[in-house]
Amino acid sequence: MGINLTLFGQMLTFLVFVWFTKKFVWPPVMQALEERRARIAEGLAAAERGQKALEEADAQVAERLREARQQAAQIIDQAERRGAELVEEAKANAEATGERMLAQARAEIDQETNRAREALRGEVAAIALTGAKQLLEKEIDATAHRDLLDRLAGQL
Amino acid sequence: MTVMASSPTEYVTHHLKHLSVGEGFWTIHIDTLFWSWVTGLIFLGVFYGAARAVTAGVPGKLQNFVETILEFVDKAVGDAFHGPKNLLAPLSLTIFVWVFLWNLMDLIPVDLFPVLAAMVGIEYMRVVPSADMSATFSLSLSVLALIIYYGIKGKGAEGFGKEFLFHPFGKNPLLVPFNLILNTVEMIAKPVSLALRLFGNLYAAELIFILIAMLPFWIQWLPGSAWAIFHILVIPLQAFIFMTLTIVYIALAYEKH
């Protein structure tokens, strides 16, 4: 028992062991621990970022969907309005065409009437002339009585 | 009891004798040196093996074990000491694991190595380095050196000297001798208490194991296992106390009050 030279031997041993631990054991393990801590922190941060990105994407999808729905509604609305417009236009066209044809038909009728009247008038003049000729029993010079005949026809 | 002497007294004294060379102060306890080298190399081998294969990815079982101890020590150091840890932390780890392994040697049956040694012609063999005062004082005096080193490093040579002369009673020249005496006593008390606490615990434990070994063989299991189970508590506790007090003493020396 007691203190003797062993003490210095032990001290030297202790010194060597501490040196070895300080040099070869402590730093690599601590570095690995630090590195793993950083990695875990990074992983957690990444997970959080992913979560946030997912939420953002969800919000974006909802927004897009809303926009698309709105656009679709707008397009349908426009199409309906255009359809109604086309119907209106076609109706107006048809009416105009109908009226024009009616007017043309009326004009033609008027023309025909006039022509018939003219023809009738000529014929009446001729009949009157023939009647007068027979009445007078003599030939009336048509050219000499042209004025008279025209006036007669005009009065018809 | 073949190797041992016939009487109980001789049995005990035989077990408490070191394998040594030299005389007086120049004695060297070969067994203490040998077993502390063996335990120390086991410690360094295991930890170095883990440190070489260390990975920041998924750790293996050995790495897990080593990491747990390192983090435990690192936390113990960080809690008490707020200076640079690059020397103190590995030092504390060495103290903790080394002293733990020294103490663990106490659980080896007291007759096992003496008998084995006797077979190859070695007369004495004590296997618990912490039951040798030279071993415990070697650690505590190294700690004393570090206390002085850290005191000077933390407060400067002047600050350290001033504290030694003027603390705790004040700067009055009449009080300087008292300060000096008190601080000297304190300075000596630290390593002495550190070394004797560890030595006392382990020496007493070893002695009790030796006494138990002298009981009739059919009853040894009862006090033997009871004492061993209790000792399982003492072994890490003493290692932990030695490490923690080392850190606290150095922190006290390093930091300004």
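All values below were derived from every heavy atom in this structure, side-chain atoms included, with hydrogens, water molecules and symmetry-related copies excluded. Predicted model, so just to flag it, every value in this text is computed and none were measured. So you know, we letter chains A, B, ... as the sequences are listed, proteins then strands, and number each from 1.
When all heavy atoms are compared, the tightest approach of B:Ala56 to A:Arg36 is O-NE, 3.1 Å. Contact between A:Val29 and B:Val54 at its shortest, heavy atoms only, is CA-CG2, 4.0 Å. In plain terms, the two heavy atoms of B:Phe25 and A:Ile3 that are nearest each other are CD1-O, 3.9 Å. Heavy-atom minimum distance, B:Leu33 versus A:Gly9: CD2-C, 3.9 Å.
Between A:Gln10 and B:Leu139, every side-chain heavy-atom pair lies at or beyond the 4.5 Å cut-off. Side chains of A:Thr13 and B:Trp98 form a contact here, defined as non-hydrogen atoms less than 4.5 Å apart. Annotation: side chain of B:Pro90 is not in contact with side chain of A:Lys23 (no heavy-atom distance under 4.5 Å).
Annotation: the span from A:Leu15 atom CG to B:Ser138 atom OG amounts to 11.0 Å, rounded to 0.5 Å. Note that the CE atom of A:Met30 and the CG atom of B:Leu93 stand 8.5 Å from one another [nearest 0.5 Å].
For A:Glu48, the CD atom sits in a loose shell: 12 or fewer heavy atoms of surrounding residues, nucleotides or ligands are nearer than 6.0 Å. More than 12 heavy atoms of other shown residues, nucleotides or ligands fall within 6.0 angstrom of atom CD in A:Glu85. Atom CD of A:Glu42 is surrounded by 12 or fewer heavy atoms from other residues, nucleotides or ligands within 6.0 Å. By the 6.0 Å contact criterion, NZ on B:Lys17 is open, its count of non-hydrogen atoms from other residues, nucleotides or ligands being 12 or less. Annotation: A:Gln31, atom CD; neighbour count of heavy atoms from other residues, nucleotides and ligands within 6.0 Å does not exceed 12.
Per-residue counts of heavy-atom pairs under 4.5 Å with chain A were compared for B:Thr27, B:Ile28, B:Ile95, B:Val97; the largest is that of B:Thr27. Of the listed residues (B:Val66, B:Leu41, B:Leu91), the one with the most heavy-atom contacts under 4.5 Å to chain A is B:Leu91. Counting heavy-atom pairs closer than 4.5 Å to chain A, the top-ranked of the candidates B:Ala195, B:Ala50, B:Gly57, B:Gly22 is B:Gly57. With chain A as the partner, the residue from B:Pro129, B:Ala89, B:Gly49, B:Ser36 showing the most heavy-atom pairs under 4.5 Å is B:Ala89.
A:Thr6 and B:Thr32 are not linked by any side-chain donor-acceptor pair at a separation below 3.5 angstrom, with hydrogens and angles left out of the test.
The aromatic ring centroids of A:Phe24 and B:Phe47 lie 6.0 Å or more from each other.
Using a 4.5 Å cut-off between heavy atoms, B:Ile30 does not touch chain A at all. Only the backbone of B:Thr55 comes within less than 4.5 Å of a heavy atom of chain A; no side-chain atom from C-beta onward does.
Between A:Phe17 and B:Trp37, the angle of the ring planes goes over 60°, which puts this pair in the perpendicular group of the 30/60° scheme.
Salt-bridge check for B:Glu67 with A:Arg37: failed, with every basic side-chain N at 4.0 Å or more from each acidic carboxylate O.
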Could you walk me through whether A:Thr21 and B:Tyr48 pass side chain to side chain contact (heavy atoms under 4.5 Å, CB included), step by step?
CA-CA 8 Å; A:Thr21 310; B:Tyr48 182 57; over 6 Å; no
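Checking each of B:Leu87, B:Asp74, B:Thr94 against A:Trp26 for a side-chain contact (heavy atoms from CB on, under 4.5 Å) leaves exactly one that passes, namely B:Asp74.
A side-chain donor-acceptor contact under 3.5 Å links B:Ser134 to the backbone of A:Asn4.
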